[in-house]
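Worksheet: the structure to be examined is printed underneath.
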Amino acid sequence: MYKCLVSGGCSFAYGFNLGNRDNRYANLIAQHLGAELIDVSAAGMTNEFISAATVVGINKALQKYSPEEIIVIVGWTTTERFEYFNKKVG
């Protein structure tokens, strides 16, 4: 039985434009499973960010749950999104 759902992704996983983020799919699945939701999704993110944030979410879940109690859902974005370093910003 799953006790924790880790959700990573871009705006679709985040629930952008839903009006009520409680209706995002990860929340609905977690409620159906009776599991805690660790949501590391964010709007406008790249696949690199999504993968790194999801690993952070998994590590957070592993502090409380065994691997067998964790389920992970990832909503990948388009490959056209990319990250770059801006020296002016840091």
Side-chain angles (χ1 to χ4, degrees):
M1 176 63 100
Y2 296 115
K3 296 183 180 178
C4 181
L5 169 66
V6 178
S7 174
C10 66
S11 57
F12 289 109
Y14 180 78
F16 189 77
N17 282 338
L18 282 180
N20 182 353
R21 288 192 62 232
D22 288 342
N23 293 327
R24 66 193 183 278
Y25 66 81
N27 194 51
L28 298 174
I29 294 169
Q31 287 178 357
H32 179 76
L33 295 173
E36 176 186 356
L37 174 61
I38 298 176
D39 185 4
V40 295
S41 62
M45 294 301 110
T46 65
N47 285 327
E48 290 84 3
F49 179 91
I50 292 167
S51 62
T54 303
V55 169
V56 169
I58 292 167
N59 284 330
K60 182 178 178 182
L62 287 169
Q63 293 174 8
K64 187 174 178 182
Y65 301 102
S66 69
E68 295 80 16
E69 296 173 314
I70 301 168
I71 187 168
V72 180
I73 298 176
V74 179
W76 299 108
T77 189
T78 178
T79 58
E80 283 83 21
R81 289 186 180 170
F82 61 92
E83 295 181 12
Y84 65 93
F85 181 76
N86 184 339
K87 290 182 182 181
K88 293 179 183 178
V89 176

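Everything quoted here is computed from the prediction, not taken from an experiment.
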[X] and [Y]: which non-hydrogen atoms are nearest, and at how many Å?
{"X": "Ile70", "Y": "Ala61", "result": "CD1-CB, 3.7 Å"}
{"X": "Gly8", "Y": "Ala13", "result": "O-CB, 4.0 Å"}
{"X": "Phe12", "Y": "Tyr25", "result": "O-CE2, 3.8 Å"}
{"X": "Gly57", "Y": "Val40", "result": "CA-CG1, 3.9 Å"}
{"X": "Ile50", "Y": "Cys10", "result": "CD1-N, 3.7 Å"}

Between [atom1] on residue [X] and [atom2] on residue [Y], distance to nearest 0.5 Å:
{"X": "Cys4", "Y": "Glu36", "atom1": "SG", "atom2": "CD", "answer": "5.0 Å"}
{"X": "Asn59", "Y": "Thr54", "atom1": "CG", "atom2": "OG1", "answer": "11.0 Å"}
{"X": "Leu33", "Y": "Tyr2", "atom1": "CG", "atom2": "OH", "answer": "8.5 Å"}
{"X": "Thr77", "Y": "Glu48", "atom1": "OG1", "atom2": "CD", "answer": "10.5 Å"}
{"X": "Ser41", "Y": "Phe16", "atom1": "OG", "atom2": "CZ", "answer": "12.0 Å"}

Check against side chain to side chain contact (heavy atoms under 4.5 Å, CB included), Val56 and Lys60 = CA-CA 6 Å; Val56 169; Lys60 182 178 178 182; 5.7 Å; no
Can you check side chain to side chain contact (heavy atoms under 4.5 Å, CB included) on Arg21 and Tyr14, steps first, answer last?
-> CA-CA 7 Å; Arg21 288 192 62 232; Tyr14 180 78; 3.4 Å; yes
Backbone N/O of Trp76 and side chain of Asn47: donor-acceptor pair under 3.5 Å = no
Indicate yes or no for a side-chain donor-acceptor contact from Arg81 to the backbone of Thr78 under 3.5 Å, with no hydrogens or angles considered.
->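 No; judged by distance alone, with no hydrogens or angles, the pair does not exist.
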Linking I/L/V/M/F/W/Y whenever any side-chain heavy atoms sit under 4.5 Å apart, do [X] and [Y] land together?
{"X": "Ile73", "Y": "Ile58", "result": "no"}
{"X": "Leu18", "Y": "Leu5", "result": "no"}
{"X": "Val74", "Y": "Val6", "result": "yes"}
{"X": "Ile38", "Y": "Val72", "result": "yes"}

Counting heavy atoms not belonging to Tyr65, are there more than 12 under 6.0 Å from its OH?
->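 Result for OH/Tyr65: enclosed.
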